[in-house]
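Letters A, B, ... are given to chains in the order of the sequence lines, protein chains preceding strands, and every chain is numbered from 1. No experiment lies behind these values; they were computed from the predicted model shown.
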Number of protein chains: 2
Amino acid sequence: MPHEPQNAPPGTLDMMILSLLAEEPLHGYLIARRIEERSGGVLGIEEGSLYPALQRLRKRKAVTDEWSTQENGREVRVYSITREGRAELVESAIRWRMVSSAIQKIIQDIKGDRRVKLA
Amino acid sequence: MPHEPQNAPPGTLDMMILSLLAEEPLHGYLIARRIEERSGGVLGIEEGSLYPALQRLRKRKAVTDEWSTQENGREVRVYSITREGRAELVESAIRWRMVSSAIQKIIQDIKGDRRVKLA
DNA sequence: GGCATAGACCTAGTTTATCTATGCAGTGAC
DNA sequence: GTCACTGCATAGATAAACTAGGTCTATGCC
């Protein structure tokens, strides 16, 4: 069976949101769905994490928001990335790549090394 | 100039510690130094993070500890990984790889895609 | 001797970002 | 009518990092 969806590691959610918004404006609910899709179901974002994250981003002007009406008549809050948001995205993506590959370096020695413990 | 050392993303420190201890027993201070070395200076572990982490690991029996005397006569607390610790390491490393590659999938679309914003 | 620097351990309190749990409301299917 | 899904939001709990402090020892330099 497939694995349970995992939480986003603290610090990564804002980056993922910005990354999706860099493609096109989206409303909150769709952002969460899209993260789940794109991650192949590996990542699961709770609404209690999502909406506070969007507020943070709004406060620091990384995104703008606008209420808009869907075809079915429902009101949704649509978020767009700003110039500042794009700058933040680039920076955080670079930092993330550095950090995650550094971690990989540290943990890979062990896994893939069947000798371990024979020393 | 080289970048500032980054904090370990929450949730990864225990895994990195276990990974180093799977090679050989180490004392706390050395663990921190080794994480910095192995990451090429990318990761920096504060002592205020390290020692609480070692206590957590001890409490859940992922490591054992023993005071020992170095050649220079100084007392150090040396940690060794346990069977449970090894199991935890394998599990968390697998989960980490899943999660970090899922995140990569989400953010890579943007970076490396110079079209962005032309839409 | 005295002093600075590095090694080595530790704790208290703060911060941050997730979560759980809950609430509200509209839509569509049965 | 009721159940599931869409969609927004907040309050409080939790976890794990941080900052900032403290103690003690060894070593090298003047």
Side-chain angles (χ1 to χ4, degrees), chain A residues 4-18 25-37 39 43-60 62-63 65-79 88 92 95-96 99 103, chain B residues 4-18 25-37 39 43-60 62-63 65-79 88 92 95-96 99 103:
Chain A
E4 296 297 295
Q6 304 290 317
N7 302 337
T12 59
L13 181 52
D14 295 12
M15 176 175 67
M16 291 193 282
I17 292 173
L18 289 177
L26 295 170
H27 65 266
Y29 196 81
L30 244 187
I31 291 172
R33 294 293 79 73
R34 202 154 284 193
I35 288 177
E36 291 175 9
E37 284 168 31
S39 69
L43 264 18
I45 304 301
E46 298 300 326
E47 303 196 354
S49 311
L50 175 70
Y51 292 107
L54 288 169
Q55 284 174 18
R56 286 197 299 271
L57 290 165
R58 225 161 51 217
K59 259 173 214 155
R60 73 172 103 107
V63 302
D65 67 304
E66 197 179 4
W67 285 94
S68 115
T69 312
Q70 295 184 121
E71 316 78 36
N72 60 12
R74 294 188 62 166
E75 295 273 304
V76 290
R77 196 169 192 169
V78 173
Y79 294 87
E88 180 183 326
S92 60
R95 191 168 41 240
W96 167 257
V99 167
I103 292 173
Chain B
E4 296 297 295
Q6 304 290 317
N7 302 337
T12 58
L13 182 53
D14 294 12
M15 176 176 66
M16 290 193 283
I17 292 173
L18 289 177
L26 295 168
H27 65 265
Y29 197 82
L30 244 187
I31 291 172
R33 295 292 79 73
R34 203 155 283 194
I35 289 178
E36 293 176 8
E37 283 169 30
S39 70
L43 264 18
I45 304 301
E46 299 300 325
E47 302 196 355
S49 311
L50 176 69
Y51 292 108
L54 288 169
Q55 284 172 18
R56 285 196 299 271
L57 290 165
R58 226 160 51 217
K59 258 173 216 156
R60 73 173 105 107
V63 303
D65 67 305
E66 198 179 4
W67 285 93
S68 116
T69 311
Q70 296 185 120
E71 316 78 36
N72 60 12
R74 296 188 61 166
E75 295 274 305
V76 289
R77 196 168 191 170
V78 173
Y79 294 87
E88 178 182 327
S92 60
R95 192 169 38 242
W96 168 257
V99 167
I103 292 174

How many whole angstroms separate atom [atom1] of [X] from atom [atom2] of [N]?
X: A:His27; N: D:dC8; atom1: NE2; atom2: C1'; answer: 10 Å
X: B:Asn7; N: C:dT15; atom1: CG; atom2: P; answer: 16 Å
X: B:Leu54; N: D:dA17; atom1: CG; atom2: C1'; answer: 14 Å
X: B:Glu46; N: C:dT15; atom1: CD; atom2: C1'; answer: 14 Å
X: B:Glu36; N: C:dA6; atom1: CD; atom2: P; answer: 13 Å
X: A:Ile45; N: D:dT6; atom1: CD1; atom2: C1'; answer: 18 Å
X: A:Leu26; N: D:dT6; atom1: CG; atom2: C1'; answer: 15 Å
X: B:Glu75; N: D:dT25; atom1: CD; atom2: C1'; answer: 11 Å

[N], OP1 or OP2 - any side-chain N/O from [X] closer than 4.0 Å?
X: B:Gln70; N: C:dA8; value: yes
X: A:Gln55; N: D:dC8; value: no
X: A:Arg77; N: D:dT6; value: no

Q: Name all pairs fulfilling the salt bridge (charged side-chain N to carboxylate O under 4.0 Å, His left out) condition that reach into residues 46-58 of chain A, sequence neighbours left out, sorted by first residue then second.
A: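 Every pair satisfying salt bridge (charged side-chain N to carboxylate O under 4.0 Å, His left out) with a residue in residues 46-58 of chain A: A:Asp14-A:Arg56.
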Q | Spacing of A:Tyr79 atom OH and A:Ile31 atom CD1 [to the nearest 0.5 Å] | A |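 If we round to the nearest 0.5 Å, A:Tyr79:OH and A:Ile31:CD1 are 7.5 Å apart.
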Q. Do you know the tightest heavy-atom contact between A:Ile103 and B:Pro9?
A.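 Taking A:Ile103 first and B:Pro9 second, the nearest heavy atoms are CD1-CD, 3.7 Å.
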Q. Between B:Leu43 and B:Pro5, what is the shortest heavy-atom contact and its length?
A.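 What the structure gives for the nearest pair is C-CB, 4.2 Å.
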Just compare [options] and give me whichever is closest to any side-chain atom of [X].
X: B:Trp67; options: C:dC9, C:dA17, D:dC8; result: C:dC9
X: B:Tyr51; options: D:dA17, D:dT10, C:dA8; result: C:dA8
X: A:Tyr29; options: D:dT6, C:dC10, D:dA16; result: D:dT6

Touch class at under 4.0 angstrom, heavy-atom based, for [X] against every strand present:
X: A:Ala8; result: sugar-phosphate
X: A:Gly48; result: base
X: B:Leu13; result: sugar-phosphate

Q: Could you list the residues that satisfy side-chain contact (heavy atoms from CB on, under 4.5 Å) with B:Glu75, not counting sequence neighbours?
A: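 Checked B:Glu75 against side-chain contact (heavy atoms from CB on, under 4.5 Å); matches are B:Trp67, B:Thr69.
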Q: Only one of A:Asp65, A:Leu13, A:Val63 passes side chain to side chain contact (heavy atoms under 4.5 Å, CB included) with A:Leu57; say which it is.
A: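 Per the side chain to side chain contact (heavy atoms under 4.5 Å, CB included) rule, the option paired with A:Leu57 is A:Val63, out of A:Asp65, A:Leu13, A:Val63.
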Q.
Counting only heavy atoms not in B:Gln55 (residues, nucleotides, ligands), do more than 12 fall under 6.0 Å from its CD?
A.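 Enclosed.
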Anything under 3.5 Å between a protein N or O and an N or O of nucleotides 23-30 of chain C, put it in a table, one pair a line.
none

